[in-house]
Amino acid sequence: QGSQKRSNSTPETPRPKRTLSSRSPYALFSPNSFSPFFLVALGPSPALAVVPPPPVFFFASLIFCPRSVTPSQKYTSRSSRGEVVASFGSVQGPSWSGRGGAGCTPKLFGPPEENLTKSYKFMFQKALDVREVLSWRIEELGDALKSHHHLEEFTSVLLPAQEAVIFFGQIGCDSNGKLNAKSVVLEGDREHSSGGQIPLDLSELKEYSLFPGQIVALEGTNSTGRMMVVSKLYEV
């Protein structure tokens, strides 16, 4: 028989050369979707070896979703509620008794204008009010330093002084880091220095202990008006 000729008819729906997979790209893989064996090349030679595939672990997003927090059944059914499991000391069950007085009546301490007589929102003060309280407290401590150490009148930190004078103010730091011997500044009070600042040279002090916010009186010179050389420290 002669060779059969190939049909030249074209089908209505041509068959694609590559079949499209019906699997969704977002679906989870399963072990059935992998071949049970792998072909591995052995060295530079063209020889191949059939080896079983490595174990594959599959994770779904629902596994990591937090569940609703419910109390443990074991905790709710506990029978040792309120039981003392440990104690310190030898005294057990002490009893307290009064002297048979009629009681006590509390009263306000200090002048009435310094006590709160109605509800007050803590830490909701205005910045100006907070500054006024701090300035009043600094001035009060300045009077205490002056009377305790028998000091003369304080001098402004902004004025040059060739001779040793007394400065008064609050210790501060000129940077955002920790306080050290090179970053100490003195913020003068509002009455004498109008809140001005000046760096401090503590090299002439044998020993000192300072912290930010500390109220101190210092004796020293300010020859240039830009740096104060401290020779003596007065603390509260």
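Only heavy atoms go into these numbers, but all of them, side chains included; no hydrogens, no water, no symmetry mates. Since we're looking at a predicted model, the values are computed, not measured.
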Show me, pair by pair, the donor-acceptor contacts under 3.5 angstrom made by side chains of residues 186-199, not counting sequence neighbours?
unit_1: Asp189; atom_1: OD1; unit_2: His192; atom_2: N; d: 3.4
unit_1: Asp189; atom_1: OD2; unit_2: His192; atom_2: ND1; d: 2.7
unit_1: Arg190; atom_1: NH1; unit_2: Glu132; atom_2: OE2; d: 3.2
unit_1: Arg190; atom_1: NH2; unit_2: Glu132; atom_2: OE1; d: 3.4
unit_1: His192; atom_1: NE2; unit_2: Glu153; atom_2: OE2; d: 3.1
unit_1: Ser193; atom_1: OG; unit_2: Val157; atom_2: N; d: 3.1

Distance-only donor-acceptor pairs under 3.5 Å for side chains of residues 200-207, two or more places apart:
unit_1: Asp201; atom_1: OD1; unit_2: Ser203; atom_2: N; d: 3.2
unit_1: Asp201; atom_1: OD1; unit_2: Ser203; atom_2: OG; d: 2.9

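Shown here for Lys182 and Asp174, the closest heavy-atom pair between the two residues is O-OD2, 4.1 Å. Nearest heavy-atom pair across Ser223 and Pro160 is O-CB, 3.8 Å. Between Tyr208 and Ala181, the shortest heavy-atom contact is OH-CB, 3.5 Å. Here the shortest heavy-atom pairing between Ala144 and Ser147 reads O-OG, 3.1 Å.
Expressed to the nearest 0.5 Å, how far OG1 of Thr221 lies from CE of Met227 amounts to 11.0 Å. If you take CD1 on Ile166 and NZ on Lys232, they are separated by 8.0 Å, rounding to the nearest 0.5 Å. Summarising the geometry, atom CZ belonging to Arg137 is positioned 12.0 Å from atom CD belonging to Gln170; distances are rounded to the nearest 0.5 Å.
Checked options Leu218, Leu151, Val216; the residue passing with Tyr234 is Leu151 (criterion: side-chain contact (heavy atoms from CB on, under 4.5 Å)).
Taking the side chain as every heavy atom from C-beta outward, Glu219 and Phe167 never approach each other to under 4.5 Å. Counting heavy atoms from C-beta outward, Phe168 and Ile138 have side chains that approach closer than 4.5 Å. Side-chain contact between Ile171 and Val185 is absent, with no heavy-atom pair separated by less than 4.5 Å.
Ser156 places a side-chain N or O within donor-acceptor distance of the main-chain N or O of Leu158, the cut-off being under 3.5 Å. Listed for the Ser183 side chain is no donor-acceptor partner under 3.5 Å among the backbone atoms of Leu179. A donor-acceptor pair under 3.5 Å is formed between the side chain of Gln214 and the backbone N or O of Phe211.
Environment of CD in Glu163: sparse, with no more than 12 heavy atoms of neighbouring residues, nucleotides or ligands closer than 6.0 Å. Counting non-hydrogen atoms of neighbouring residues, nucleotides and ligands closer than 6.0 angstrom, the NE2 atom of His149 exceeds 12 such neighbours.
Phe154 is not connected to Met228 by any chain of hydrophobic side-chain contacts under 4.5 Å among Ile, Leu, Val, Met, Phe, Trp and Tyr, and they are in different clusters. Leu145 is not connected to Leu233 by any chain of hydrophobic side-chain contacts under 4.5 Å among Ile, Leu, Val, Met, Phe, Trp and Tyr, and they are in different clusters.
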